[in-house]
Amino acid sequence: MASSRRQYPFHLIEPKWQQAWDAQQTFRAWNPGEVLADGHPFAKRHGLSGKVTATQLPKKFYILDMFPYPSGAGLHVGHPEGYTATDILARYRRACGFNVLHPMGWDSFGLPAEQYAVKTGQHPRKTTEANIANFTRQIKSLGFSYDWSREVATTDVTYFKWTQWIFLKLYNSWFNPETNRAEPIETLEYPKELRLISDWNQLIYESAPGEILSKEQENDFKKEFQEDWNRNREKLRREFRDSKRLAYVSEAPVNWCPELGTVLANEEVIDGKSEVGGFPVIRKPMRQWMLRITAYAEKLLADLDTIDWSDSLKEMQRNWIGRSEGAEVDFQIADCQLPIADSKIRVFTTRPDTLFGATYMVLAPEHRLVDVITTEEQLSAVENYCEHTARKSDLERTELAKEKTGVWTGAYAINPVNGEKIPIWIADYVLASYGTGAIMAVPAHDERDFEFAKKFSLPIIQVVQPPDAKTDWQGFCENGTSVNSGFLDGLPTAEAKKKITAWLEEKALGQKTINYKLRDWLFSRQRYWGEPFPIVWKVGPDGESYHEALPESALPVLPPTLEDYKPTASGEPPLARAKEWLNEVPGAVRETNTMPQWAGSCWYYLRYLDAKNAGTFVGKDAEHYWMKSGGDKPGVDLYVGGTEHAVLHLFYARFWHKVLFDLDLVSTAEPFFKLVNQGLILGEDGQKMSKSRGNVVNPDDILKEFGADAFRLYEMFMGPLEMSKPWSTKGVEGVYRFLGRVWRLFVDEKSETAFEQAETTAETQSRGELLDLILLDGAITDAAATPAQLKALHACIKKVTEDLDGMRFNTAISAMMVFINEAMTWQNKPVTVLKPFLQLLAPFAPHLAEELWARLHSTFGQIAPSLSYAPWPKFDPAQLIESEIELPVQVNGKFRDTIKVPVDADNTTIEVAAKASEKVQTFLSGKTVKKVIIVPKRMVNLIVG
RNA sequence: GCCGGUGUGGCGAAAUGGCAGACGCACAGGACUUAAAAUCCUGGGACCUUAAACAGUCGUGUGGGUUCGAGUCCCACCACCGGCACCA
């Protein structure tokens, strides 16, 4: 493939500068309190030395990439798209004088390494390390300006120790609805009967009000109470406490894949089958760790308004949270002999105004009361139905959505507004997990209820009149006016909702409620290659087991060494195989689940701030400087990554961050101020890149043939960052040619020929020195620039600067192409024009720019200041001002000609000039000019009739 | 079904309501070369006229509208991509 002649010796230039940046730690970012390296270009630029304080440091700019999972397949061309965009901006911001934090790391826990371990017995750490090494090589070969001293990997013990530590924080916190924030579990108030024995007098008074006890009686009471306490209350207190923690245990149905012998996350299940292997997945209840993310639903929703994310992304998160306002209403079960708690069915509805139209009720098949209310005659039918639906997966339930199914329980409920007896059905179109798991069915004004009612011939009563009389009221689900609704009649929907809700509250039949689709986060996986929980299980005096957190001093909890990484035959996680490890803590057994891959990525952006800190997850000063006090924007200034993480990662990370914020461990409510999703890069055929399609492009191949600068430039030139766009290797050649033209603008052609000849015969080792054979073009001088040259330069500065601010990389590159196309025609090339141009090019093609920058300086006997920290060129508008401008002339709105007029010409002059144009005259002849529209400096339009 | 995004030459794309197609790819012609590659120069939306050009007409998914003027703003629709999907 690489047969054609190189445009320029990138194969020597790129490694040369990558090594130089590495050796000088050019891109090292400095924290407050750190001692700057002597002579570091950052120190020179900002006139700093020695130990720096937060106030001495310039403004921070935190620019972050979503760190990759280091897969065995290596980098694909999609990764460098976002990485290049952020790198360009990082370099640009450095030139603008910011203290830029631009780190990289590895989301290295994950299933592939584990599955490889199951197959081969190779420890996942080995696979992971090899993959990280390969990713590092590939990423470094692209010349990104990462501060590698801050590299983190979620699988590093020094990292996941703090992931476990944060888990302990979650475990040891509860969400206080009164203060509306997470608090240490110690602030939890227990119900009266569970309070600690802190005040005997109070206790004695409460158990025997009005009595005065003798000393003896009091002692007896204390003894008895203490014994009773020891028997029961400690356990009850613990259960109460555990039920409030942000990390808690529940029995939840999970996606169990018998074939793989593991539980899968929802996102790993596609169409009811495992993403890997395509094996069937069934629902199975298992003991699981959950995180109480639902407590943060409102904050996660409200704070979206404070961050600069795309509307579509915010919308996805809003949908995920699924907030809906409505009311809960209690329906009395008719002819009911049950205890009070069981005698009512509570429903959630967003349309309480339609209550008069409720003609039946539906319970989810899993609803608690199904067994209780079903009548003798209906028993077998109901049992049958429940059993049938239980066997269906979620997918089957929705797939069969077109055809509603259900069965009558034989029972009735009383509609609280009109006392009507309405039948209670069960149907799987009602989900147990949303709302109360029961609904009031209003078939006239709900599509699903309407369908169901038609199928089972249930009554349909109109209670909403559509605003347009022609609209059919049957199945009308929007807002209208209440009818057939007693005291609501005539009210528009919004008001009817308010009135009925107030009425229900007054009668204690219901209340206004807010419901969320969001569920708590299932946080445990039955895997080996994840963070072990810092949790042990103990057995209480009653023989029941309970969980307990390990102390911070027990961190990190390391995973055991195993021979076999498969889950046990009984379906227990692989960690259960390590008998010794399991029983390491005296009197306790370790938790054998591990955390999901999302755990590590929930806080890595914080670890970067202070990656080496052994004493805490992130130092306070570093956190405060980078996240809050040091810059214009709170949190990460710019976060770039793919849409595939639009909900999960970005949602989970926001949640953790908010908990840490509540616990006073971070200083902002949101982690990522601005977020941009880069678009997908498709294959050359316009299809998604995939091995099976055979359209995958390997960056290594492109780099080898065209170099890193061309690769970077092409990825940015393809189109707007956020769009999906197809790859074109021909397109790479185009920008590669552009870089070649830049090179030829600067170098002497004869010397390059000499270099090429020398290179073919040279030893490999000495090839780097051969670069010295290449000389600068003699036309480059320190002569003054012409106005035309300055105009070309400043037009370019303006466009590139504006486009970088707006992240329009493709048009910035085209502006540089325009400059080069013009500069190629110059006989004299003033150094004062070429230097600023190289600065503009530097963020995009840093290796080539550095090389030429160094040559320009050395040729003119100067020592080159670091290009990476050279102040960004200033645009001078004076250089673009012209004495004459071209104006388009339209006749009746159609373009006919252009005229040249002085830039400050008045309207009369312009009108005369426009009418004088020959081409225009042909359209004016025989007609009168009725109106002249002149937009200063833009155009002229003559209206004729 | 709902939500979001995108529709512009052969292709990737560009255009604060003001000369549509900058820049690049591919293509064609020319220069250089023994030749090729590389490089440099030139051309190019469609149609119609023409020896050629000039001029002209049409042209930004479709149909309307606002405006002196619309790729851009408004209304309705179509297609493709992404997300959600019985959430009461």
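First the proteins, then the strands, lettered A, B, ... as listed; each starts at 1.
The existence of a salt bridge linking A/E451 and A/K404 is confirmed by a sub-4.0 Å separation between a basic side-chain nitrogen and an acidic carboxylate oxygen. A salt bridge between A/D305 and A/R318 is present, with a side-chain N of the basic residue lying under 4.0 Å from a carboxylate O of the acidic one. Salt bridge status for A/R323 with A/E298: present, with a side-chain N to carboxylate O gap under 4.0 Å. Residues A/E882 and A/K791 are paired through a salt bridge, judged by an N-O separation under 4.0 Å between the basic side chain and the carboxylate. A/K455 has a carboxylate O that lies under 4.0 Å from a charged side-chain N of A/E403, or vice versa, which qualifies the two as a salt bridge. With salt bridges taken as basic N to acidic carboxylate O contacts below 4.0 Å, one links A/R346 and A/D330.
For the pair A/R346 and B/A88, the criterion of a side-chain N or O lying under 4.0 Å from OP1 or OP2 is not met. An OP1 or OP2 oxygen of B/A38 is reached within less than 4.0 angstrom by no side-chain nitrogen or oxygen of A/R744. Side-chain nitrogen and oxygen atoms of A/N319 include none within less than 4.0 Å of the OP1 or OP2 phosphate oxygen of B/C2. The phosphate of B/G18 (OP1 or OP2) has no side-chain N or O of A/R896 nearer than 4.0 angstrom. A sub-4.0 Å separation between OP1 or OP2 of B/G12 and a side-chain N or O of A/K725 is absent. At the phosphate of B/C58, OP1 or OP2 sits under 4.0 Å from a side-chain N or O atom of A/K894. A close approach under 4.0 Å does not occur between any side-chain nitrogen or oxygen of A/R808 and OP1 or OP2 of B/A14. Dashed line: the shortest gap from a side-chain N or O of A/S724 to OP1 or OP2 of B/G82 is not under 4.0 Å.
Across all strands shown, B/C11 pairs with B/G24; the Watson-Crick or G-U wobble distances both stay below 3.5 Å. As the counterpart of B/U72, no nucleotide is assigned, since no Watson-Crick or G-U wobble pattern has both distances under 3.5 Å. B/C80 and B/G5 make up a base pair, with Watson-Crick or G-U wobble contacts both under 3.5 Å. Across every strand in view, B/C40 sits in a pair with B/G30 that passes the Watson-Crick or G-U test at under 3.5 angstrom. Nucleotide B/G17 forms a pair with no other nucleotide shown, judged by Watson-Crick or G-U wobble geometry with both contacts under 3.5 Å.
The distance between atom CG of A/L739 and atom P of B/U39, rounded to the nearest whole Å, is 13 Å. A straight line from OH of A/Y516 to C1' of B/A88 spans 17 Å, rounded to a whole angstrom. Straight-line distance from the CZ atom of A/R938 to the P atom of B/U16: 9 Å, rounded to whole Å. Rounded to whole angstrom, the span from the CZ atom of A/F895 across to the P atom of B/A20 amounts to 7 Å. One interatomic measurement links the two molecules: NZ of A/K455 to P of B/C86, which rounds to 17 Å at whole-angstrom precision. Atom CG in A/N677 sits about 14 Å away from atom P in B/U6, given to the nearest Å. Rounded to whole angstrom, the span from the CE atom of A/M316 across to the P atom of B/C81 amounts to 16 Å.
Residue-to-nucleotide contacts include a donor-acceptor pair under 3.5 Å from the side chain of A/K404 to the base of B/C86. A donor N or O paired with an acceptor N or O is found under 3.5 Å between the base of B/G18 and the side-chain atoms of A/Q890.
The glycosidic torsion of B/G9 lies within 90° of 0, placing the base in the syn range.
At a cut-off of 3.5 Å, with distance as the only test, a side-chain donor of A/Y429 or A/D449 sits close to an acceptor on the other residue.
The nucleotide whose nearest atom lies closest to any side-chain atom of A/N941 is, among B/C86, B/G69, B/A88, B/G69. Closest to the side chain of A/N821, out of B/C19, B/G24, B/U6, is B/G24. Of all nucleotides listed (B/A22, B/U39, B/C19), B/U39 comes nearest to the side chain of A/Q7. Listed nucleotides: B/C58, B/A55, B/C86. Nearest to the side chain of A/D428: B/C86. Closest to the side chain of A/M824, out of B/C40, B/A88, B/G24, is B/C40. With B/C19, B/A88, B/G12 as the candidates, the nucleotide lying closest to the side chain of A/P726 is B/G12.
Residue contacts for A/I933: at a heavy-atom cut-off of 4.0 Å it reaches a base atom on one of the strands shown.
Separation of the C1' atoms belonging to B/U60 and B/A70 is 11 Å when rounded to the nearest angstrom. With P as the reference atom, B/C54 and B/A46 are 14 Å apart, rounded to whole Å. With C1' as the reference atom, B/U42 and B/U49 are 25 Å apart, rounded to whole Å.
Ranked by how close their nearest RNA chain B nucleotide is to the 5' end, A/S312 and A/V818 are led by A/S312.
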